[in-house]
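Structure first, commentary second.
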Amino acid sequence: MSDSTANINNKSVANHTYDAIVIGSGISGGWAAKELTEKGLKTLLLERGRNIEHVKGYVNANKAPWEFPHRGESPIALSSVYPILARNDAMNEVNLEYWVNEKESPYTEVKKFNWIRGYHVGGRSLMWGRQSYRWSDFDYEANIKEGIAIDWPIRYKDIAPWYDHVERFAGISGSLEGMAQLPDGQYMPPMEMNCVEKDVASRIKEHYKDSRRMIIGRTANITVPLPGRTNCQYRNKCALGCPFGGYFSTQSSTLPAAVATGNLTVRPWSIVKHIIYDKDTKKAKGVEIIDAENNQTYEYYAKIIFVNASTLNSAWILMNSATDIWPDGLGSSSGELGHNIMDHHMSGGAAGHVEGYEDKYYFGRRANGVYIPRYRNLFGDKRNYLRGFGYQGSAGRGDWSRDIAELNIGAAYKDALSEPGHWGMGMVGFGEVLPYHDNKISLDKNTKDKWGLNVLAIDAEFKDNEKKMAVDMQNDAIEILTAAGVKNAKPFFRDSGYLGGAIHEMGSARMGNDPKTSVLNKWNQVWDAQNVFVTDGSCMVSSACQNPSLTYMALTARAADHAVSELKKGSI
């Protein structure tokens, strides 16, 4: 994509009017740019941070651990500079430049919340975990059946064709399983489980009579080459950016496609301050930005606007777009803007060792793991809480970094460390968090960021349903591993007790059927200004327990198709 740099606006372009503006260049923003430009719209893609070019910008992707001052670890001193990131195991020196400068962009924690952000072209699509699962009608219908929050305005049949569409382009590898709670998709050949995982999976299936199943992860790492992309090389350095294009990111996939149309302009260092609303037309007419480098303000205009700044930042933009009509922000007429914040809770799991495979090993560093889909509160199972959880994990052998107490000095010690260690198997749960109205964000009028803008105040917490689920999440992990022959399975507690740890923020501008109870309609249009679309995690009505990014992609492609259709009809 080296020739795409001509389309990266260096703030010198004279044109300030476009057919479409996309705010944010991460997973959903990249998809919006691709779909809109391919449908013929001259599109401006605004990114608040710096540009990172595909391949050229991945400066650490080919370095070995010994080429870093601290061998890739994080020196203690960094904790004072990145106190939020330090709470999360994502922090290390090899990709520190991908994460937000927390001194420049603070936020207020009314309740403790890990807000892990990446402000650059590509956003967190460069660092995401890549697990890509469809939701089913068990997820889309849960709220209405249980009387929780509001009903989703769509069902699986509405989004299934768009899952097809994004899976084919992004490249998702996985196995076909025929499970009602985890619909199959358009998959490349799956990655292979190692020998221990295969045997553990077989024992789980047999022991639970197929009511619980362990499968290979469905991941956005390609196993067959795509145009401009080489299949995964099993380096497991995905968080550094992939020079091979082996996983889906804005840089490897959607941005080159958008650039190829000739319809895209990208403007980095562009912090969208607010959306400009026209009271006469009852539409948005553009955006005002602050140039992050020179602090100058500029206005850009378009017929449609896609807000894809990530869940909490998208809500911030809407709230900061207040008018005398809606003093609490554009889209606030329902009283739901900024509410119903969700994440997934990772309340621990279990791990143990596996005997009898000392003569077995595996190839490479597979950038994927195994997955146990949800089984609680399904198919007749009934618990003392709502919804459920899935597990992600893997089996592997210890490496040279292990400590061998019996051999702690000399040549024998070095020889022992050159051999693989014992096999182990572990897994951690990802549980659904319900959409509580009082889990919310707001503008902190007393605290400002580097550019003089009011920051977000986050007031959200886990409640009784999540705490009850966590008990099963912990106990079931031990039970499953033990049933599968894993020895000495012990629990571990990963969850911190506060939201943000899964980096799956959702909610704040939910979809719905009624403008009195939702911010967006079924096409992701803001009820109060229907030429504004919000298709990132903000729009989610519930959180399910599957990783959500694939659903953001599908919703974005669906909304873009509708937006262009309505634009051509003159309806927006």
In Å and rounded to the nearest 0.5 Å, what is the OG to CE distance from Ser508 to Met342? 8.5 Å
What is the ring orientation for Tyr371 with Tyr133, classed by angle as parallel under 30°, tilted 30 to 60°, or perpendicular over 60°? parallel
Using a strict cut-off of less than 4.0 Å between a Lys/Arg side-chain nitrogen and an Asp/Glu carboxylate oxygen, indicate whether Asp184 and Arg218 qualify as a salt bridge. yes
Of all heavy-atom pairs linking Glu505 and Thr311, the shortest is O-OG1, 2.8 Å
Using a strict 4.0 Å threshold on nitrogen-to-oxygen distance, state whether Lys522 and Asp158 make a salt bridge. no
Heavy-atom closest contact (Cys238 atom, Asn221 atom, distance): SG-ND2, 3.8 Å
N-O pairing of Arg212 and Asp381 below 4.0 Å: no
Hey, does the side chain of Ser125 reach the backbone of Thr250 with a donor-acceptor pair shorter than 3.5 angstrom? yes
Carefully, step by step, assess Asp514 and Thr517 under the rule side chain to side chain donor-acceptor pair (under 3.5 Å). CA-CA 6 Å; Asp514 187 345; Thr517 58; 4.5 Å; no
Is it the case that the side chain of Trp316 and the backbone of Asn454 share a donor-acceptor pair, with hydrogens and angles ignored and the cut-off at 3.5 Å? yes
With a 4.5 Å heavy-atom cut-off, do Leu499 and Ile458 have their side chains touching? no
Within the side chain of Asn95, is there an N or O that forms a donor-acceptor pair under 3.5 Å with the backbone of Leu240? no
Rounded to the nearest 0.5 angstrom, the CD1-CG distance for Ile441 and Asn340 is 10.5 Å
Donor-acceptor contact present, side-chain Trp527 to main-chain Leu520, <3.5 Å: yes
State, yes or no, whether a side-chain contact exists between Val200 and Met193 at a heavy-atom distance under 4.5 Å. no
Can you check salt bridge (Lys or Arg N to Asp or Glu O under 4.0 Å) on Lys198 and Glu192, steps first, answer last? CA-CA 9 Å; Lys198 288 177 181 177; Glu192 189 175 3; 2.4 Å; yes
Check the pair Arg117 / Ile84 against side chain to side chain contact (heavy atoms under 4.5 Å, CB included), numbers first and verdict last. CA-CA 10 Å; Arg117 297 160 287 167; Ile84 305 301; 5.9 Å; no
Does Arg376 offer a backbone N or O that forms a donor-acceptor pair with the side chain of Arg374 under 3.5 Å? yes
Would you call Arg130 and Phe248 a side-chain contact if the rule is heavy atoms closer than 4.5 Å? no
So do the side chains of His165 and Arg558 get within less than 4.5 Å of each other, counting heavy atoms only? no
His344 vs Phe430 aromatic rings, parallel, tilted or perpendicular, using cut-offs 30° and 60°? perpendicular
Approximate separation, where rounding is to 0.5 Å, of Arg213 CZ and Glu177 CD: 5.0 Å
Check the pair Thr551, Tyr140 against side chain to side chain contact (heavy atoms under 4.5 Å, CB included), reporting the backbone distance first and the verdict last. CA-CA 12 Å; Thr551 299; Tyr140 292 111; 3.7 Å; yes
Is the ring pair His339/His437 parallel, tilted or perpendicular, if the boundaries are 30 and 60 degrees? parallel
Once rounded to the nearest 0.5 Å, what's the spacing between atom CD of Glu461 and atom CD1 of Ile341? 13.5 Å
Side chain to side chain donor-acceptor pair (under 3.5 Å), that's the test. Do Thr219 and Asn368 meet it? Break it down for me. CA-CA 7 Å; Thr219 179; Asn368 190 15; 4.6 Å; no
Provide the closest heavy-atom pair for Ala560 versus Glu35 in the form atom of the first, atom of the second, distance. CB-CB, 3.6 Å
Is Trp99 reaching over with its side chain to a backbone N or O of Leu96, donor-acceptor style, under 3.5 angstrom? no
Is Glu102 paired with Arg87 through a side-chain N to carboxylate O contact shorter than 4.0 Å? no
My understanding is that only one of Asn465, Asn439, Asn143, Asp464 makes a side chain to side chain contact (heavy atoms under 4.5 Å, CB included) with Leu434; could you say which? Asn465
Once the angle between the rings of His120 and Tyr98 is folded into 0 to 90°, is it parallel (under 30°), tilted (30 to 60°) or perpendicular (over 60°)? tilted
Can you tell if the side chain of Asn524 reaches within under 4.5 Å of the side chain of Val534, non-hydrogen atoms only? no
Worked check of side chain to side chain contact (heavy atoms under 4.5 Å, CB included) between Ile480 and Tyr391: CA-CA 11 Å; Ile480 291 169; Tyr391 289 108; 3.9 Å; yes
Answer yes or no: are there more than 12 heavy-atom neighbours, outside Arg383 itself, under 6.0 Å from its atom CZ? yes
Walk me through it: do Tyr107 and Phe113 pass the test ring pair (Phe, Tyr, Trp, His ring centres under 6.0 Å)? CA-CA 10 Å; Tyr107 62 98; Phe113 187 103; 7.1 Å; no
Judged by atom type as modelled, is there a donor-acceptor pair below 3.5 Å linking the side chain of Trp31 to the main-chain atoms of Tyr552? no
Side chain to side chain donor-acceptor pair (under 3.5 Å), that's the test. Do Tyr119 and Glu104 meet it? Break it down for me. CA-CA 11 Å; Tyr119 291 165; Glu104 295 180 353; over 6 Å; no
I need the Asp536 CG to Met506 CE distance, nearest 0.5 Å. 11.5 Å
Is there side-chain contact between Arg366 and Ser394, with heavy atoms separated by less than 4.5 Å? yes
What pairs of residues pass the salt bridge (charged side-chain N to carboxylate O under 4.0 Å, His left out) test when at least one of them lies in residues 326-354, not counting sequence neighbours? Glu336-Arg510
Is there side-chain contact between Ser518 and Met511, with heavy atoms separated by less than 4.5 Å? no
Which atom pair, heavy atoms only, marks the closest approach of Ala509 to Leu337? CB-CD1, 4.3 Å
Mark yes or no for whether Thr254, through its side chain, and Lys34, through its backbone, hold a donor-acceptor pair below 3.5 Å. no
What are the two closest heavy atoms between Leu182 and Pro373, and how far apart are they? CD2-CG, 3.9 Å
CD1-NE2 distance between Ile116 and His504, expressed to the nearest 0.5 angstrom: 12.0 Å
Minimum heavy-atom distance between Ala529 and Leu330, given as atom pair plus value: CB-CD1, 4.0 Å
Distance-only, no hydrogens or angles: does the Ser132 side chain make a donor-acceptor pair with backbone N or O of Leu550 under 3.5 Å? no
Are the side chain of Asn377 and the backbone of Tyr385 linked by a donor-acceptor contact shorter than 3.5 Å? yes
Take Ser253 and Phe169, measure what side chain to side chain contact (heavy atoms under 4.5 Å, CB included) needs, and give me the verdict at the end. CA-CA 8 Å; Ser253 306; Phe169 179 82; 3.9 Å; yes
Sole candidate of Tyr156, Phe379, Trp152, Tyr375 that passes ring pair (Phe, Tyr, Trp, His ring centres under 6.0 Å) when paired with Phe138: Phe379
Only one of Ile305, Asn308, Ile271, Asn313 passes side chain to side chain contact (heavy atoms under 4.5 Å, CB included) with Ile23, and that residue is Ile305
